[in-house]
There are 2 protein chains.
Amino acid sequence: MKLDISLVKKFALFAEMADGDIEAMLSHAVSRRIAAGDAVFEQGAPATHFFLLLNGRLKVSQVTPQGQQIIVRMVNPGDLFGIAKALQRSDYPGTALCVSEAVALCWPMELWSQMISQNPQLAATALTTIGQRLQEAHTRIREISTEEVERRVAHAVLRLSEQAGRAEGAGVRIDFPITRQDIAEMTGTTLHTVSRILSAWEGRGLVSGGRQKLLVRDVAGLKALAENEKMG
Amino acid sequence: MKLDISLVKKFALFAEMADGDIEAMLSHAVSRRIAAGDAVFEQGAPATHFFLLLNGRLKVSQVTPQGQQIIVRMVNPGDLFGIAKALQRSDYPGTALCVSEAVALCWPMELWSQMISQNPQLAATALTTIGQRLQEAHTRIREISTEEVERRVAHAVLRLSEQAGRAEGAGVRIDFPITRQDIAEMTGTTLHTVSRILSAWEGRGLVSGGRQKLLVRDVAGLKALAENEKMG
DNA sequence: GGCTTTCGTTGATGAATCGCAAATAAATCC
DNA sequence: GGATTTATTTGCGATTCATCAACGAAAGCC
């Protein structure tokens, strides 16, 4: 793929950057196509590159020493990922798996420090990126610690519909294949419980499901369920 | 208190910094003494300052819309805190409460951007600080999602003993007043459950308790409990 | 020193949700 | 198109843990 400034300027990282700086960054980048199901990098592997997702979706997961898996986050177009250096790590802390056909820009990790110091905008973006992830992580901790499963699932589904939703009829379709197991790993529960909850919601007309599919039919209803202490 | 380079150089933030830069930073700083029980800042208040803890301990907590409280983290000497600007926030996301007599350096938040851009070492420290917090947050998410309560409490207590432990006899004393409720808010459970768990541990000689006191008597035993899938 | 407040312990009960098992259904592979 | 794999649904029993309740003990306050 040809790397073109006009093509990438819509992404937050580049939006505020001077054209010269963008060109400098792009000149070191390689674009890479990733097929659904492929891993961009694996947990524990030496961190050789950092990335910017141009389109498609990835999920970043970790496996615990006991072999259980959790989904750390979804990566959406425009997101930096694999920036292990910013966390002062030499290996990737998680595995990045492509869930829908993606294209990413790749830079060798050696360039990270250099680019950071030469490019204040990149440094600022990296800092805010990580800052936002930290806040999301705290939100998640708060939810897992204090809310019961149904509300956690509601929050997770709403978040998905905001970050990766496409309008469909009166509702919002989650724009990539997602399993009950995925949702379970995002909310700290089991696929069985997620399945039961979604079934119940489907009965109430809040969502409609399908294999690896999810359509939120009643966003307001789900929000009420997520926010309100107890529904009447 | 007189601000002196030799006094602060032991802290990670200043360790790698040139003397001139340290002086420049200190020249804008005010040191502040905080009594146990006082709040340095409160959740939702406009973020007017950022801080470096010189000594003492703080706990940062958040209250949920439903009024439940969680402890986001403990602040130890040498830690930056209240750096809302780095998270692109104009208010403090949590409340910082002093648990043992503390001294902190304070800078007006307006200086943040300026100091960051003039001082690459501060930028780097801020980035790694937040990066480490992010990793801790992910660890916590993993634990709450996949582990049962007793092991989460074990991990939390071990972490406390590492970060704020003082050798005492064969064991490690947590060096500040801590309640069962605090531990519950760090692990996403209730004070009742924590109390039961600590009582059981005390019976097995792993810890010994007391009002707002905690002594880990058998670090290795606790570690085994925290790590192993199931004990024999 | 007595009173009040905060903190801790422990038992009993029940609800949330996990784990297991078995059946169904959709997609994929030759 | 049948066989296989991967997802999903659902019932039921087991278990963990929160909740309610009551009491005991330590620390702070006049």
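This structure is a prediction, so every number in the text was calculated from the model and none was measured. Every chain is numbered from 1, with letters handed out A, B, ... down the list of sequences.
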Any sub-3.5 Å donor-acceptor pair from A:Ser199's side-chain atoms to A:Ser195's backbone N or O? yes
Just to be sure I understand the rule, does A:Ser199 reach a base, reach only the sugar-phosphate, or reach nothing, if contact means heavy atoms closer than 4.0 Å? sugar-phosphate
Should B:Thr189 be listed as having a side-chain N or O under 4.0 Å from OP1 or OP2 of D:dC17? no
Integer-rounded Å distance: D:dT6 C1' and A:Arg180 CZ: 13 Å
Between C1' of D:dT9 and CD of A:Gln181, the distance in whole Å: 15 Å
Whole-Å gap separating P (D:dT19) and CD (A:Glu148): 9 Å
Looking at every strand, decide which applies to B:Thr179 at a 4.0 Å heavy-atom threshold: base, sugar-phosphate, or nothing. sugar-phosphate
Could you tell me the separation between the CD atom of A:Gln212 and the P atom of D:dT9, rounded to a whole number of Å? 12 Å
Looking at B:Arg196 and C:dG8, is any side-chain donor or acceptor paired with a base atom of the opposite kind under 3.5 Å? no
Specify the separation, in whole Å, of atom CD of B:Glu185 and atom C1' of C:dC7. 14 Å
Rounding to a whole Å, what distance do you find between B:Leu191:CG and C:dT6:P? 14 Å
Taking B:Arg152 for its side chain and B:Thr187 for its backbone only, find out whether a donor-acceptor pair lies under 3.5 Å. yes
Measure from the side-chain N and O atoms of B:Gln43 to the backbone N and O of B:Val63, and report whether any donor-acceptor pair falls under 3.5 Å. yes
Under 4.0 Å between any heavy atoms, over every strand shown, what does B:Arg211 touch: base, sugar-phosphate, or nothing? Just pick one. base
Just the rounded figure in Å: distance from C1' of C:dC18 to CD of B:Glu147. 16 Å
Side chains of B:Arg180 and B:Leu198 in contact at under 4.5 Å (non-hydrogen atoms): yes
Considering just the side-chain nitrogens and oxygens of B:Ser195, establish if one lies under 4.0 Å of OP1 or OP2 belonging to C:dG8. no
Nearest whole Å is fine: how far is D:dA7 C1' from A:Lys213 NZ? 12 Å
From the options D:dT8, C:dG19, D:dA18, select the nucleotide whose nearest atom is closest to the side chain of B:Thr193. D:dA18
Would you say the base of C:dT10 and the side-chain of B:His192 have a donor-acceptor pair closer than 3.5 Å? yes
Name the one of A:Trp112, A:Tyr92, A:Phe81 that satisfies ring-ring contact (aromatic ring centres under 6.0 Å, His included) with A:Phe50? A:Trp112
